[in-house]
2 protein chains.
Amino acid sequence: MGLTRSEIFTEEQNLLASLLKAVAHPARIAILQRIILSNTCICGDLVGELGLAQATISQHLKELKSAGLIQGTIEGVSVCYCINPKVWKLLENRLGEFLGSYKGATECC
Amino acid sequence: MGLTRSEIFTEEQNLLASLLKAVAHPARIAILQRIILSNTCICGDLVGELGLAQATISQHLKELKSAGLIQGTIEGVSVCYCINPKVWKLLENRLGEFLGSYKGATECC
DNA sequence: CTCATTAATCGTAAAATTGCAATAATACTA
DNA sequence: TAGTATTATTGCAATTTTACGATTAATGAG
């Protein structure tokens with residue numbers, strides 16, 4: 001019926017899926033790359049650099065923030081975003097565990 | 001208007017996003033974990049183990065396959081799925097590069 | 001206080017996703 | 001060939017996602 005049946009999966013699976021979903025969009029990847037690049041945080045610069053409307057960027061930022069991947073603080077008239085190290089590391093660890101659990105050793109199909 | 005504007009992003013960003021999107025669902029994570037666990041491939045076992053209908057599982061498998069993450073070969077009456085090592089490694093590399101590009105060094109916000 | 005700048009929110013439209021029942025296709029078995 | 005088991009496909013409904021214009025805060029400048 002169009003909604004994910006989270007209740008039948010483990011906490012682990014749901015957490016990883018929700019973090020990945022937040023990253024799984026080219027615009028949000030671009031935003032994250034941009035934030036990482038200039039580790040002095042930016043904000044509305046994104047609107048000029050990506051080719052998306054201000055409302056759209058703001059929405060993507062909101063999604064990244066609600067996933068916990070970034071955090072924003074008000075900096076005078078503009079807002080300063082940066083990576084949330086804790087959640088970033090969490091994603092790195094969980095994902096590394098998951099991806100690393102496959103050892104391409106035994107051929108199968 | 002409801003569709004991602006892929007043309008304004010780099011090939012890199014679009015590729016990573018599409019691979020991540022394929023993984024970013026608890027059911028598909030569960031399926032991948034199950035395939036990895038029993039490196040002898042399974043197929044309809046999934047329907048019994050996850051609590052989802054056969055049609056739904058088949059659709060998730062199709063998505064994973066079209067993303068290139070798994071491959072399936074016909075094994076008698078059933079179908080044998082397993083990880084596609086090349087694409088798996090590709091995801092591991094690109095993602096490692098991306099996630100690793102953030103060094104949590106300089107405090108910001 | 002008024003104005004300009006910046007960001008968030010609201011409302012809307014188009015499209016994609018999720019899930020399932022029903023049906024079709026495929027291949028083995030007797 | 002008829003029957004059975006397994007998987008894929010189709011069609012549908014509910015929900016979510018993506019994107020944007022318009023509007024609404026919020027803050028600093030004059």
Side-chain angles (χ1 to χ4, degrees), chain A residues 1-9 13-14 17-31 34-35 41-67 69-82 109, chain B residues 1-9 13-14 17-31 34-35 41-67 69-82 109:
Chain A
M1 295 115 178
L3 82 171
T4 301
R5 312 241 279 100
S6 319
E7 72 280 5
I8 66 172
F9 303 107
Q13 289 162 342
N14 285 316
S18 74
L19 284 174
L20 287 178
K21 201 166 75 172
V23 185
H25 191 285
R28 293 196 288 273
I29 291 178
I31 289 174
R34 183 65 174 72
I35 291 182
C41 329
I42 32 80
C43 35
D45 304 355
L46 293 162
V47 179
E49 298 181 20
L50 314 189
L52 291 171
Q54 183 266 321
T56 308
I57 300 280
S58 191
Q59 207 173 305
H60 282 304
L61 286 168
K62 187 180 173 187
E63 241 165 302
L64 287 170
K65 198 164 64 174
S66 81
L69 284 164
I70 64 174
Q71 53 200 174
T73 48
I74 296 161
E75 189 101 346
V77 75
S78 55
V79 174
C80 162
Y81 282 105
C82 61
C109 305
Chain B
M1 298 110 178
L3 83 170
T4 302
R5 312 241 280 98
S6 319
E7 73 281 3
I8 67 172
F9 303 107
Q13 289 162 343
N14 284 316
S18 75
L19 284 175
L20 287 178
K21 200 165 74 172
V23 185
H25 191 286
R28 293 196 288 272
I29 291 179
I31 289 174
R34 183 65 173 72
I35 291 182
C41 327
I42 34 79
C43 35
D45 304 355
L46 292 161
V47 179
E49 298 182 20
L50 317 187
L52 291 172
Q54 184 266 322
T56 308
I57 300 280
S58 189
Q59 206 174 305
H60 282 305
L61 286 168
K62 187 180 172 188
E63 240 165 302
L64 287 170
K65 198 163 66 175
S66 82
L69 285 165
I70 64 174
Q71 54 200 174
T73 48
I74 296 162
E75 189 101 346
V77 74
S78 54
V79 174
C80 163
Y81 282 106
C82 61
C109 305

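Chain letters run A, B, ... following the sequence lines, proteins first, then strands; residues in each count from 1. Treat the numbers as computed from the prediction; the structure is a model and nothing was measured.
Look at A:Lys21 and you won't find any side-chain N or O under 4.0 angstrom from OP1 or OP2 of D:dT16. Between B:Thr4 and D:dT18 there is no side-chain N or O to OP1 or OP2 distance below 4.0 Å. Residue B:His60 has no polar side-chain atom (N or O) positioned under 4.0 Å from OP1 or OP2 of C:dT17.
Between A:Arg28 atom CZ and D:dT17 atom P the separation is 9 Å, expressed in whole Å. What separates CG of B:Leu46 from P of D:dT6 is a distance of 14 Å, to the nearest Å. Taking atom CD1 on A:Ile57 and atom C1' on D:dG21, their separation rounds to 15 Å, with Å as the unit. Nucleotide C:dT17 holds its C1' atom 14 Å from the CG atom of B:Leu64, rounded to whole Å. D:dT7 atom P lies 12 Å from atom NZ of B:Lys65, rounded to whole Å. Atom NZ of B:Lys62 is separated from atom P of C:dT18 by 14 Å (rounded to the nearest Å). To the nearest angstrom, P of D:dT24 lies 15 Å from CD of A:Gln54. The NE2 atom of A:His25 sits 4 Å away from the P atom of D:dA19 (whole-angstrom rounding).
When the nucleotides C:dT18, C:dA8, D:dA19 are ranked by their closest atom to the side chain of A:Tyr81, C:dA8 comes out on top. The side chain of A:Leu3 sits closest to D:dT15 out of D:dT15, C:dC20, C:dT9.
For C:dC28, its base never sits under 3.5 Å from the side chain of B:Glu75 at any donor and acceptor pair. Judged by distance alone, with hydrogens and angles left aside, A:Gln59 brings no side-chain donor or acceptor close enough to the base of C:dC10 to form a pair under 3.5 Å.
Between A:Glu49 and A:Asp45, some side-chain heavy-atom pair lies under the 4.5 Å cut-off.
Using a 4.0 Å heavy-atom distance criterion, B:Ser78 is classed as a sugar-phosphate-only contact. The residue A:Ala55 sits close to a base: some heavy atom pair falls under 4.0 Å.
For A:Leu50 against A:Ala30, the heavy-atom pair with the smallest separation is CD2-CB, 3.9 Å.
A:Arg28 places a side-chain N or O within 3.5 Å of a backbone atom of A:Lys21 that can act as its donor or acceptor partner.
The existence of a salt bridge linking A:Arg5 and A:Glu7 is confirmed by a sub-4.0 Å separation between a basic side-chain nitrogen and an acidic carboxylate oxygen.
The nearest heavy atom of DNA chain D to A:Thr56 and to B:Gly44 marks one nucleotide each, and the one closer to the 5' end goes with B:Gly44. Along DNA chain D, the nucleotide nearest to A:Val77 and the one nearest to A:Leu52 differ in position, and the one closer to the 5' end is contacted by A:Leu52. Taking the nucleotide of DNA chain C with the nearest heavy atom to each of A:Leu61 and A:Phe9, the more 5' of the two is matched to A:Leu61.
Expressed to the nearest 0.5 Å, how far CD1 of B:Ile35 lies from OH of B:Tyr81 amounts to 8.5 Å.
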